[in-house]
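Step one of this worksheet: look at the structure below.
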Amino acid sequence: MNKVQGYDLNAPSLSTKLIIATQGSEFKDKITNDILEKYRSDSIFIKIIDVSMLQKINPKDYNAVVVMHTWENWKPPIEVKEFIKRTRDHKEKIIVLTTSGEGSYKMDDVDAITGESKLESTTSYSNKIIERLKPLLKH
């Protein structure tokens, strides 16, 4: 996976905040862009980071956290695993998309959206994430 160059959308002073932690791939980039397009004109601060930066994130600072990662070598990236373990008390605001070659792998005790990284499926995954975001981002 490629490393994602982090960036922000809209003013950090906005009261509603979303963070998207992802890995660089054409598939995940497309889903990130779909989410950004959906919320670009809303009064929502959106921060994009690479999953390797998750150790610096406190879910208390955000209304919603989206984590998109690939299952590698039969496990999630260590940063994702540690983040999920550390933030169990905030799991109601964390949305996880796990991709794998087989399409069904995910961490135990995580209500993750799972699937294969097929470009023709990005809209379906984007819509699933946006549906889960709606109650978290309503102002």
Side-chain angles (χ1 to χ4, degrees):
M1 291 284 104
N2 297 321
K3 194 158 178 118
V4 170
Q5 188 67 30
Y7 60 97
D8 298 344
L9 179 69
N10 299 328
S13 59
L14 291 167
S15 61
T16 304
K17 298 178 182 352
L18 164 64
I19 187 162
I20 300 172
T22 186
Q23 294 174 301
S25 73
E26 191 175 358
F27 177 81
K28 291 174 191 68
D29 293 348
K30 172 75 172 86
I31 293 172
T32 300
N33 287 331
D34 288 350
I35 296 167
L36 291 176
E37 282 307 307
K38 169 69 177 165
Y39 294 110
R40 180 177 302 280
S41 60
D42 291 352
S43 296
I44 299 172
F45 170 67
I46 304 173
K47 183 172 201 62
I48 311 299
I49 63 166
D50 187 81
V51 294
S52 64
M53 303 304 290
L54 278 169
Q55 77 274 9
K56 297 181 179 185
I57 300 306
N58 184 343
K60 287 182 184 178
D61 299 335
Y62 299 91
N63 298 83
V65 179
V66 174
V67 179
M68 294 189 282
H69 72 90
T70 296
W71 200 256
E72 300 169 344
N73 300 318
W74 308 107
K75 61 187 183 291
I78 189 67
E79 299 91 349
V80 173
K81 185 176 180 179
E82 291 299 318
F83 177 77
I84 295 298
K85 192 164 106 179
R86 174 174 64 84
T87 61
R88 286 205 190 283
D89 292 344
H90 302 281
K91 67 181 178 181
E92 73 284 345
K93 66 166 72 174
I94 299 171
I95 300 164
V96 178
L97 170 63
T98 303
T99 61
S100 61
E102 197 239 46
S104 63
Y105 292 111
K106 69 178 189 70
M107 288 178 280
D108 293 336
D109 302 325
V110 175
D111 182 19
I113 300 166
T114 61
E116 298 174 69
S117 296
K118 293 185 175 179
L119 282 176
E120 63 272 13
S121 302
T122 55
T123 301
S124 172
Y125 291 113
S126 299
N127 290 338
K128 288 177 184 178
I129 292 170
I130 290 166
E131 278 304 307
R132 290 191 183 191
L133 283 171
K134 282 179 183 178
L136 299 172
L137 298 178
K138 64 181 178 194
H139 4 288

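All residue numbers in this chain count up from 1 along the given sequence.
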Quiz prompt | side chain to side chain donor-acceptor pair (under 3.5 Å) contacts in which one or both residues fall within residues 111-129, not counting sequence neighbours | solution = D34-S126, T99-S117
Quiz prompt | Shared hydrophobic cluster, V65 / I48 (ILVMFWY, side-chain heavy atoms < 4.5 Å) | solution = no
Quiz item: Nearest heavy-atom pair of G24 and V4: which atoms, and what distance?
Solution: N-CG2, 3.3 Å
Exercise. Using side chain to side chain contact (heavy atoms under 4.5 Å, CB included) as the criterion, list what pairs up with K60, not counting sequence neighbours.
Key: N58, H90
Quiz item: I113, I94: one ILVMFWY side-chain cluster at the under-4.5 Å cut-off?
Solution: no
Practice problem: Would you name the heavy atoms of P135 and E131 that are closest together and state the gap between them? | Solution: CD-O, 3.4 Å
Quiz prompt | Nearest-0.5 Å distance that lies between atom CG in N2 and atom CD in Q23 | solution = 9.5 Å
Exercise. Locate the shortest heavy-atom distance separating E79 from V51; write the atom from each residue and the value.
Key: CB-O, 3.4 Å
Practice problem: May I have all residue pairs that pass ring-ring contact (aromatic ring centres under 6.0 Å, His included) and include part of residues 34-67, sequence neighbours excluded? | Solution: none
Self-check item: Reported CG-to-CG distance for the pair L18 and L133, which is rounded to 0.5 angstrom
Solution: 5.5 Å
Self-check item: Heavy atoms of other groups near K106 NZ, more than 12 under 6.0 Å
Solution: yes
Practice problem: Mind checking side chain to side chain contact (heavy atoms under 4.5 Å, CB included) for V110 and listing every partner two or more places apart, or none if nothing turns up? | Solution: I84, V96, M107, A112
Practice problem: May I ask you to check whether over 12 heavy atoms, not counting those of E26, lie within 6.0 Å of atom CD? | Solution: no
Exercise. Indicate yes or no: at least one non-hydrogen side-chain atom of F27 is less than 4.5 angstrom from one of T70.
Key: no
Quiz item: Is there side-chain contact between I49 and K56, with at least one heavy-atom pair below 4.5 Å?
Solution: no
Exercise. Report yes if the side chains of K47 and I20 come closer than 4.5 Å at any heavy-atom pair, otherwise no.
Key: no
Self-check item: Donor-acceptor pair, side chain of K93 and main chain of P59, under 3.5 angstrom
Solution: yes
Quiz prompt | Shortest non-hydrogen contact between Q55 and R86, atoms and distance | solution = O-NH2, 3.7 Å
Quiz item: Between atom OG of S25 and atom CD1 of I31, what is the distance when rounded to the nearest 0.5 Å?
Solution: 8.0 Å
Self-check item: Shared hydrophobic cluster for F83 and I19 (ILVMFWY, side-chain gaps under 4.5 Å)
Solution: yes
Self-check item: Pairwise side-chain contact, L136 with I95, heavy-atom cut-off 4.5 Å (strictly under)
Solution: yes
Quiz item: Any link between V66 and L97 through a network of hydrophobic side chains (Ile, Leu, Val, Met, Phe, Trp, Tyr) touching at under 4.5 Å?
Solution: yes
Quiz item: Quick one: NZ on K28 to CG on N33, what's the gap to the nearest 0.5 Å?
Solution: 14.0 Å
Quiz item: In Å, rounded to the nearest 0.5 Å, how long is the span from NZ of K30 to CD1 of I35?
Solution: 10.5 Å
Quiz item: If you draw a 6.0 Å radius around NZ in K91, do more than 12 non-hydrogen atoms from other residues or ligands fall strictly inside?
Solution: no
Quiz item: Can you list the residues that meet the side chain to side chain contact (heavy atoms under 4.5 Å, CB included) rule with L9, with sequence neighbours excluded?
Solution: L36, R40, I46
Quiz item: Is the side chain of N63 donor-acceptor paired with the backbone N or O of L137 at a distance under 3.5 Å, no angle test?
Solution: no
Practice problem: Look at the rings of Y105 and W71 and say which category their plane angle falls in: under 30° parallel, 30 to 60° tilted, over 60° perpendicular. | Solution: parallel
Exercise. Name all residues meeting the side-chain hydrogen bond (donor to acceptor under 3.5 Å, both in side chains) criterion together with E82; count only those two or more places apart in sequence or in a different chain, and write none if there are none.
Key: none
Quiz item: Which value, rounded to the nearest 0.5 Å, describes the distance between T22 atom OG1 and L54 atom CG?
Solution: 10.0 Å
Practice problem: Establish whether W74 and I78 are linked, either directly or via other cluster members, by ILVMFWY side-chain heavy-atom contacts under 4.5 Å. | Solution: no
